S.K.: 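My questions all concern the structure below.
Along the sequence shown, residues carry numbers from 1. These values consider heavy atoms only, across backbone and side chains, with no hydrogens, waters or symmetry-generated copies. Everything numeric here is computed off the predicted structure, so don't read it as measured data.
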Amino acid sequence: QVHVVESGGRLVQTGGSLRLSCAASGRTFSRYAMGWFRQAPGKEREFVASVSWSGGSTHYADSVKGRFAISRDNARSTVYLQMNSLKPEDTAVYYCAAGGSIGFMVHDYAYWGQGTQVTVSS
């Protein structure tokens with residue numbers, strides 16, 4: 001099993017940057033693909049980015065491609081989401097998740113954190 005805890009969310013202005021972190025516990029962190037999802041009020045949880053267990057493969061939602069970057073440090077059992085050129089529509093609770101394979105769907109991931117709030121002011 002993997003336990004994950006997100007951090008780094010806060011209020012930021014349009015055009016600003018944030019880096020979210022997801023710290024994982026458990027000896028098998030490096031075996032898991034990791035993903036970031038987000039959920040805005042009244043909307044379904046949506047895929048943002050994912051990274052393979054090695055870090056060698058990444059995927060992004062079209063809405064964040066070119067602005068966000070996912071990375072991982074297996075030695076620190078941490079995955080990051082660097083978010084640049086933030087827009088008001090990026091406002092959401094951001095969730096980190098661990099799964100057996102890199103995927104785009106909520107059901108691809110078995111372990112979830114509690115989320116961290118990102119608010120982008122216009």
S.K.: Any heavy-atom pair between the side chains of Leu20 and Thr116 that's under 4.5 Å?
M.R.: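 A side-chain contact exists here, since the closest heavy-atom pair is under 4.5 Å.
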
S.K.: Any side-chain heavy atom of Val93 within less than 4.5 Å of one from Tyr95?
M.R.: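 Result yes, sub-4.5 Å side-chain heavy-atom pair found.
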
S.K.: Could you tell me the separation between the CG atom of Asp90 and the OG atom of Ser63, rounded to the nearest 0.5 Å?
M.R.: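 The OG atom of Ser63 is 7.0 Å from CG of Asp90, to the nearest 0.5 Å.
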
S.K.: Under the rule for side chain to side chain contact (heavy atoms under 4.5 Å, CB included), what residues qualify as partners of Ser85, not counting sequence neighbours?
M.R.: Arg67

S.K.: Can you list everything that forms a salt bridge (charged side-chain N to carboxylate O under 4.0 Å, His left out) with Glu46? Sequence neighbours excluded, please.
M.R.: Arg38

S.K.: Apply side chain to side chain contact (heavy atoms under 4.5 Å, CB included) to Asn74 and list each qualifying residue two or more places apart in sequence or on a separate chain.
M.R.: Phe29, Ser30, Arg72

S.K.: With ring-ring contact (aromatic ring centres under 6.0 Å, His included) as the rule and sequence neighbours excluded, what pairs involving residues 101-122 come up?
M.R.: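 Non-adjacent pairs meeting ring-ring contact (aromatic ring centres under 6.0 Å, His included): Tyr32-Tyr111, Phe37-Tyr109, Phe37-Trp112, Phe47-Phe104, His59-Phe104.
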
S.K.: Anything under 3.5 Å between a donor and an acceptor, one on a side chain of residues 3-16, the other on a protein residue two or more places apart or in another chain? List them.
M.R.:
from	atom 1	to	atom 2	distance (Å)
Glu6	OE1	Gln114	N	3.1
Glu6	OE1	Gly115	N	2.9
Glu6	OE2	Cys96	N	2.8
Glu6	OE2	Gly115	N	3.3
Thr14	OG1	Ser121	O	2.6

S.K.: Does the side chain to side chain contact (heavy atoms under 4.5 Å, CB included) test come out yes or no for Thr91 and Val118, once each step is laid out?
M.R.: CA-CA 5 Å; Thr91 295; Val118 172; 5.9 Å; no

S.K.: Tell me whether Ile70 shares a hydrophobic cluster with Trp53, the cluster being built from Ile, Leu, Val, Met, Phe, Trp, Tyr side chains joined at under 4.5 Å.
M.R.: no

S.K.: Got Val51 and Val79 here, is their nearest side-chain heavy-atom distance under 4.5 Å?
M.R.: yes

S.K.: Using every non-hydrogen atom in the two residues, find where Leu18 and Leu86 come nearest and quote the distance to one decimal.
M.R.: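 Closest pair (atom of Leu18, atom of Leu86, distance): N-CD1, 4.0 Å.
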
S.K.: Could you list the residues that satisfy side chain to side chain contact (heavy atoms under 4.5 Å, CB included) with Lys65, not counting sequence neighbours?
M.R.: Tyr60, Asp62

S.K.: Checking Thr119 now: which residues fulfil side chain to side chain donor-acceptor pair (under 3.5 Å) with it, not counting sequence neighbours?
M.R.: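 Result, side chain to side chain donor-acceptor pair (under 3.5 Å) vs Thr119: Gln117.
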
S.K.: If you compare all heavy atoms of Ile102 against all heavy atoms of Ala33, which two are closest, and at what distance to 0.1 Å?
M.R.: N-CB, 3.4 Å

S.K.: Not counting sequence neighbours, which residues clear side chain to side chain contact (heavy atoms under 4.5 Å, CB included) with Ala40? List them please.
M.R.: Lys43, Ala92

S.K.: Could you work out, with salt bridge (charged side-chain N to carboxylate O under 4.0 Å, His left out) as the rule, every residue matching Asp73, not counting sequence neighbours?
M.R.: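 So Asp73 forms a salt bridge (charged side-chain N to carboxylate O under 4.0 Å, His left out) with Arg76.
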
S.K.: Of all heavy-atom pairs between Ser50 and Gly103, which one has the smallest distance, and what is that distance?
M.R.: OG-O, 3.6 Å

S.K.: Could you state the interatomic distance from CE (Met34) to OG (Ser71), rounded to the nearest 0.5 Å?
M.R.: 11.5 Å

S.K.: Give every residue pair that meets the disulfide bond (SG atoms under 2.5 Å apart) criterion with at least one member in residues 26-76, sequence neighbours excluded.
M.R.: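 Residue pairs passing disulfide bond (SG atoms under 2.5 Å apart), neighbours aside: none found.
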
S.K.: Should side-chain heavy atoms under 4.5 Å link Ile, Leu, Val, Met, Phe, Trp and Tyr, which residues sit in the same cluster as Tyr80?
M.R.: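 Noted: Tyr80 shares its cluster with no other residue.
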
S.K.: Can you list everything that forms a side chain to side chain donor-acceptor pair (under 3.5 Å) with Gln39? Sequence neighbours excluded, please.
M.R.: Arg45

S.K.: Would you say that Phe68 contacts Asn84 through its side chain, given a criterion of any heavy-atom pair below 4.5 Å between the two side chains?
M.R.: no

